[in-house]
A.B. asks: 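The following block contains the structure, expressed as structure tokens.
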2 protein chains.
Amino acid sequence: MALETIFARRSIRKYQDRPVEKEKLEQLLRAAMAAPSATNRKPWEFVVVDDPEVMAEIRSVMLLGKYNAPAAIVVCGNTSRLKNPISEFWVQDCSAASENILLAAVELGLGTVWLGVHPIQNLKKRIAKVLGLPGQIVPLNVIYVGYPAEEKPARTQYDPRRVHWNRF
Amino acid sequence: MALETIFARRSIRKYQDRPVEKEKLEQLLRAAMAAPSATNRKPWEFVVVDDPEVMAEIRSVMLLGKYNAPAAIVVCGNTSRLKNPISEFWVQDCSAASENILLAAVELGLGTVWLGVHPIQNLKKRIAKVLGLPGQIVPLNVIYVGYPAEEKPARTQYDPRRVHWNRF
């Protein structure tokens, strides 16, 4: 059930030494592209990395993401698909797609961790260089993907103080 | 299963004339607050609207959202919880929480539609005024919630041209 999956999703930072099947990576992208987007513009591109050499390059760039995942999905905005006034919505659209990837991964027995890239300028440049991104393709994040080698209990961080009824 | 839920989520714009139970609205918020956030900062606040008068005020403000939903969740960023360099991550964190709301709603038999507010300045101001938001609370979106009065088939908008392996 979706609620259990939502609670079971945890950031995984230790991975088994086992590749992720291409069909499973494609399933993650089917989930990603089922996300809503502003005026259905779908301003996204996905770079799937499973080549160990490219993974090593990504790890060398991600100062706070040296984890041993065998694969990654880099969710990017395609700014050529945007126009004012909705141009900034690409971050929201790509974030919804990213969350779908994390949740679909749980169902497939995979672990993930979402590592922020945008809006950190020097990180964006380095990831763009590793992946050969043209100027209009902006990396939002790096999502590491692999079979988990750690277990974390399901949880919500629900806090009733963050909930306001009808007026703040 | 989560993948089916992800595909079943569609933007619903016609609602039954039937209120949403408070327990279900709280379940949506449990799902929202299970989302990941940058450095686990949880920069979110949620205004749940189920008072018909406040809903009418929201509808009057949402020029592109006149739908007859009986309830709404306004997902907001709490900028007082942020500090550089991660301040801009609140949009991503709150978007992941929003997607969790949409997916949990499917499981609960509810329909939703995500209506963008941030970064449209005049819309942000009007929603803030309706809800009495203090200056540090920024509305990201309005998510209408209700029992659906229309059916849409499950789908993904998967497009293999948006997928790039190892290099763009």
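As the structure is a prediction and not an experimental result, all values here were calculated from the model. Letters go in sequence order (proteins before strands), and every chain restarts at 1.
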A.B. asks: Given heavy-atom pairs under 4.5 angstrom as the criterion, report whether the side chain, backbone, both or neither of B:L25 touches chain A.
C.D. replies: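 Looking at B:L25, just its side chain touches chain A.
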A.B. asks: So what's closer than 4.5 Å to chain A heavy atoms on B:L64: side chain, backbone, both or neither?
C.D. replies: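 Neither part, no heavy atoms under 4.5 Å.
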A.B. asks: Is any NZ, NE, NH1 or NH2 atom of the basic residue among A:R167 and B:E57 found under 4.0 Å from an Asp or Glu carboxylate oxygen of the other?
C.D. replies: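 Salt bridge between A:R167 and B:E57, a charged N being under 4.0 Å from a carboxylate O: yes.
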A.B. asks: Is A:R30 close enough and on-axis enough to B:Y158, meaning under 6.0 Å and within 45°, for cation-pi?
C.D. replies: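 Ring-cation test returns yes.
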A.B. asks: Look at B:C94, B:A96, B:A104 and state which one has the largest set of heavy-atom pairs under 4.5 Å with chain A.
C.D. replies: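 Of B:C94, B:A96, B:A104, B:A96 has the most heavy-atom pairs under 4.5 Å with chain A.
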A.B. asks: Just give me the residue among A:E53, A:R10, A:E26, A:K22 that pairs up with chain B most often, heavy atom to heavy atom, under 4.5 Å.
C.D. replies: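 Of the candidates given, the most pairs with chain B belong to A:K22.
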A.B. asks: Please flag which part of A:V106 lies under 4.5 Å from any non-hydrogen atom of chain B: side chain, backbone, both or neither.
C.D. replies: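 A:V106 has no heavy atom closer than 4.5 Å to chain B.
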A.B. asks: More than 12 heavy atoms of other residues, nucleotides or ligands under 6.0 Å from NZ of A:K125: is that the case?
C.D. replies: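 Atom NZ in A:K125 is not crowded, with 12 or fewer foreign heavy atoms closer than 6.0 Å.
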A.B. asks: Could you tell me whether the side chains of A:Q92 and B:N141 share a donor-acceptor contact shorter than 3.5 Å?
C.D. replies: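 The answer is no; no qualifying pair exists.
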A.B. asks: Quick one about A:T5 and A:E107 (side-chain donor to acceptor, distance below 3.5 Å, no hydrogens or angles considered), yes or no?
C.D. replies: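 Per modelled atom types, A:E107 and A:T5 side chains form a pair under 3.5 Å.
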A.B. asks: About how many Å separate CG of A:L110 and CD1 of A:I143, when rounded to the nearest 0.5 Å?
C.D. replies: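 Rounded to the nearest 0.5 Å, the CD1-CG separation comes out at 12.0 Å.
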A.B. asks: Taking B:R162 for its side chain and A:W44 for its backbone only, find out whether a donor-acceptor pair lies under 3.5 Å.
C.D. replies: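 Pair found, side chain donor or acceptor close to backbone of A:W44.
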A.B. asks: Is there a donor-acceptor contact under 3.5 Å from the side chain of B:D50 to the main chain of A:N166?
C.D. replies: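 It does not hold such a pair.
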A.B. asks: Taking B:Q136's backbone N and O only, do any of them form a donor-acceptor pair with B:T79's side chain (distance below 3.5 Å, no angle check)?
C.D. replies: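 Looks like yes, one N/O pair under 3.5 Å.
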A.B. asks: A:G116, A:P36, A:A32: which one forms the most heavy-atom pairs within less than 4.5 Å of chain B?
C.D. replies: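 Answer, by heavy-atom pair count under 4.5 Å with chain B: A:P36.
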A.B. asks: Checking A:L102 against chain B: side chain, backbone, both or neither under 4.5 Å from a heavy atom?
C.D. replies: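 When you check distances to chain B, only side chain atoms of A:L102 fall under 4.5 Å.
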A.B. asks: Counting heavy-atom pairs closer than 4.5 Å to chain B, which one of A:N40, A:L115, A:N78 comes out on top?
C.D. replies: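 Most heavy-atom pairs under 4.5 Å with chain B: A:N40.
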A.B. asks: Out of A:M55, A:K42, A:R155, return the one with the most heavy atom pairs under 4.5 angstrom to chain B.
C.D. replies: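 Between A:M55, A:K42, A:R155, the count favours A:K42.
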A.B. asks: For B:I137, is it the side chain, the backbone, both or neither that has a heavy atom under 4.5 Å from a heavy atom of chain A?
C.D. replies: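 For B:I137, the side chain is the part near chain A, not the backbone.
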A.B. asks: Most heavy-atom pairs under 4.5 angstrom with chain A, which of B:L103, B:L108, B:V113?
C.D. replies: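 The option with the most such pairs is B:L103.
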A.B. asks: Which answer fits B:W114, side chain, backbone, both or neither, if we ask what part of it has an atom under 4.5 Å from a heavy atom of chain A?
C.D. replies: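 Just the side chain, heavy atoms under 4.5 Å.
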A.B. asks: Taking every non-hydrogen pair under 4.5 Å, which of A:V49, A:D93, A:I73, A:V48 racks up the most with chain B?
C.D. replies: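 Ranked by heavy-atom pairs under 4.5 Å with chain B, first place is A:V48.
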A.B. asks: Heavy-atom pairs under 4.5 Å with chain B are the metric here; pick the option from A:S11, A:A35, A:S98 that has the most.
C.D. replies: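 Most pairs with chain B among the choices: A:A35.
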